[in-house]
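Input: a single structure, listed below in structure tokens.
Just so we're on the same page: letters track the sequence lines, and every chain starts at 1.
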Number of protein chains: 2
Amino acid sequence: MNISQAAKLSRLSVKTVRYYADIKMVEPARNIRSGYRSYTNDDVAKLNFIGKARRFNFSIEECRELLSLYQNKNRSSKEVKRLTLAKIASIDEKLKEFHSLRNELSHLVNCCNGDDRPSCPILDELSK
Amino acid sequence: MNISQAAKLSRLSVKTVRYYADIKMVEPARNIRSGYRSYTNDDVAKLNFIGKARRFNFSIEECRELLSLYQNKNRSSKEVKRLTLAKIASIDEKLKEFHSLRNELSHLVNCCNGDDRPSCPILDELSK
DNA sequence: CTTTACATTCCAGTTAGTGGAGACTTTATA
DNA sequence: TATAAAGTCTCCACTAACTGGAATGTAAAG
């Protein structure tokens, strides 16, 4: 199938699918006459896999690792679990950061009148 | 003072301070003989302000807005409060996303043996 | 006078794509 | 069959907010 069909089936944009070909993540065969990329169902399965992994916040490089584990039928689940635990840890870090940011900002907002006068505890804090 | 002194006082890197000059956020005077950037205490205060706002997750463009409000002694606190509330809302969105990611991933991890056998519910989910 | 430290500009790379131009192929319509 | 429209190709530029490095220039110290 052509790229737009593969894109539709994997719910990715054509541009993204082409990008994944460029970075050698999912390299389809080529139609010799037209030069068009020619995707198999297997290629689409890989695209789907990557799309889902990306939505799970795995980076492109992590997707590459997962994809190679996915394709290796003799792999152990240990490595996959390790990657996933690392991802959870990094998400936890971001959660912590954002939680504390949220707290600080909402504290400041609560102190700010938000009226037409110039006095502003938010700016005061930022300039300390 | 020269750029490295300004960088030290504002706890930013020299590269970053130079970058803020390039994008016309904090444009110092120049020493005519050497061409070196010459920072005043006021410039350092601005750098500090930006550094803090960046740590609060405000984008460069938002920093620009905040900085102009900061410098306008007749500003109303309304606008600052509006920007800050919008920032809180966007942080809340990210928190939500990351929370649900975390839940899904930790569910998968709990289902995965993490041993030397190939069976892996994480990969199974990603390939669905 | 030379070494060293600090400064300058400019170019490239980072992440993960997205947008657009210009050219070519395929498909649909008149 | 001619033409128009749709799909695809490659290549380049842009996004955010810096960071790293090269080549070059200036200032301070010994």
Side-chain angles (χ1 to χ4, degrees), chain A residues 1-39 43-44 46-67 87 90-91 94 97 101, chain B residues 1-40 43-44 46-67 87 90-91 94 97-98 101:
Chain A
M1 71 190 85
N2 283 343
I3 196 168
S4 60
Q5 177 72 0
K8 183 180 287 178
L9 290 178
S10 58
R11 279 149 301 174
L12 297 171
S13 76
V14 168
K15 279 275 187 187
T16 299
V17 174
R18 202 175 278 127
Y19 173 71
Y20 289 164
D22 286 350
I23 64 171
K24 292 163 197 318
M25 195 132 85
V26 180
E27 288 184 280
R30 293 284 185 146
N31 179 316
I32 297 181
R33 296 236 163 271
S34 64
Y36 285 12
R37 293 178 179 81
S38 180
Y39 287 85
D43 291 330
V44 170
K46 287 185 206 170
L47 289 172
N48 255 314
F49 180 92
I50 295 161
K52 200 142 193 182
R54 291 284 302 124
R55 265 169 257 133
F56 274 114
N57 204 246
F58 286 100
S59 73
I60 288 288
E61 285 315 306
E62 287 165 333
C63 286
R64 241 188 252 280
E65 285 188 74
L66 287 170
L67 192 59
K87 182 52 53 182
S90 91
I91 288 174
K94 287 187 194 169
E97 269 179 59
L101 272 181
Chain B
M1 70 191 84
N2 283 343
I3 196 168
S4 61
Q5 178 72 0
K8 182 179 288 177
L9 290 178
S10 56
R11 278 147 303 170
L12 297 171
S13 77
V14 168
K15 280 275 189 188
T16 298
V17 173
R18 202 175 277 128
Y19 173 70
Y20 289 164
D22 287 349
I23 64 171
K24 294 166 197 317
M25 195 132 85
V26 179
E27 289 184 279
R30 295 282 188 149
N31 179 317
I32 297 182
R33 296 238 161 272
S34 64
Y36 286 13
R37 293 178 179 82
S38 179
Y39 288 84
T40 63
D43 291 330
V44 171
K46 288 185 207 171
L47 289 172
N48 255 315
F49 181 91
I50 295 162
K52 200 142 194 186
R54 293 283 304 124
R55 264 170 258 132
F56 274 114
N57 206 247
F58 285 99
S59 72
I60 288 289
E61 285 315 306
E62 288 166 331
C63 287
R64 242 188 250 280
E65 287 188 73
L66 287 171
L67 193 58
K87 181 52 52 184
S90 92
I91 288 175
K94 287 188 192 166
E97 270 180 56
F98 280 123
L101 272 181

TODO: Of all the heavy-atom pairs spanning A:R64 and A:K24, show the shortest one and how long it is.
DONE: NH1-O, 3.5 Å
Open item on the list: Tell me the interatomic distance from B:D22, atom CG, to C:dC10, atom P, rounded to whole angstroms.
Closed with: 9 Å
Open item on the list: Checking A:S34 now: which residues fulfil side-chain contact (heavy atoms from CB on, under 4.5 Å) with it, not counting sequence neighbours?
Closed with: A:N31, A:Y36
Task: B:R18 CZ - C:dC11 C1' separation (whole Å) - done: 14 Å
Open item on the list: Whole angstroms only, please: what is the CZ-P distance between A:R64 and C:dT15?
Closed with: 11 Å
Task: B:L66 to B:A53 - nearest heavy-atom pair and separation - done: CD1-CB, 4.3 Å
Open item on the list: Could you check whether any side-chain heavy atom of A:M1 comes within less than 4.5 Å of a side-chain heavy atom of A:L9, counting everything from C-beta outward?
Closed with: yes
TODO: Just call it for A:R37: base, sugar-phosphate, or nothing, with non-hydrogen atoms closer than 4.0 Å on any strand.
DONE: sugar-phosphate
Task: Below 4.0 Å: OP1/OP2 of C:dA5 and any side-chain N or O of B:S4 - done: no
Task: Between P of D:dC9 and CD1 of A:I32, the distance in whole Å - done: 15 Å
TODO: Go along nucleotides 14-30 of chain D 5' to 3' and tag each nucleotide: B for a protein heavy atom under 4.0 Å from its base, S when only backbone or sugar atoms are that close, - otherwise.
DONE: ---BBSBB---BBS---
Open item on the list: Counting C-beta onward and ignoring hydrogens, is there a side-chain heavy-atom pair between A:Y39 and A:Q5 closer than 4.5 Å?
Closed with: no
TODO: Take the protein atom CD1 of A:I3 and the nucleotide atom P of C:dG17, then report the distance between them rounded to whole Å.
DONE: 14 Å
Open item on the list: Rounded to whole Å, how long is the line connecting atom CZ of A:R30 with atom P of C:dC24?
Closed with: 16 Å
Open item on the list: List the residues meeting side-chain contact (heavy atoms from CB on, under 4.5 Å) with B:Y20, not counting sequence neighbours, and say none if there are none.
Closed with: B:L12, B:T16, B:I23, B:M25, B:L47, B:I50, B:R54, B:I60
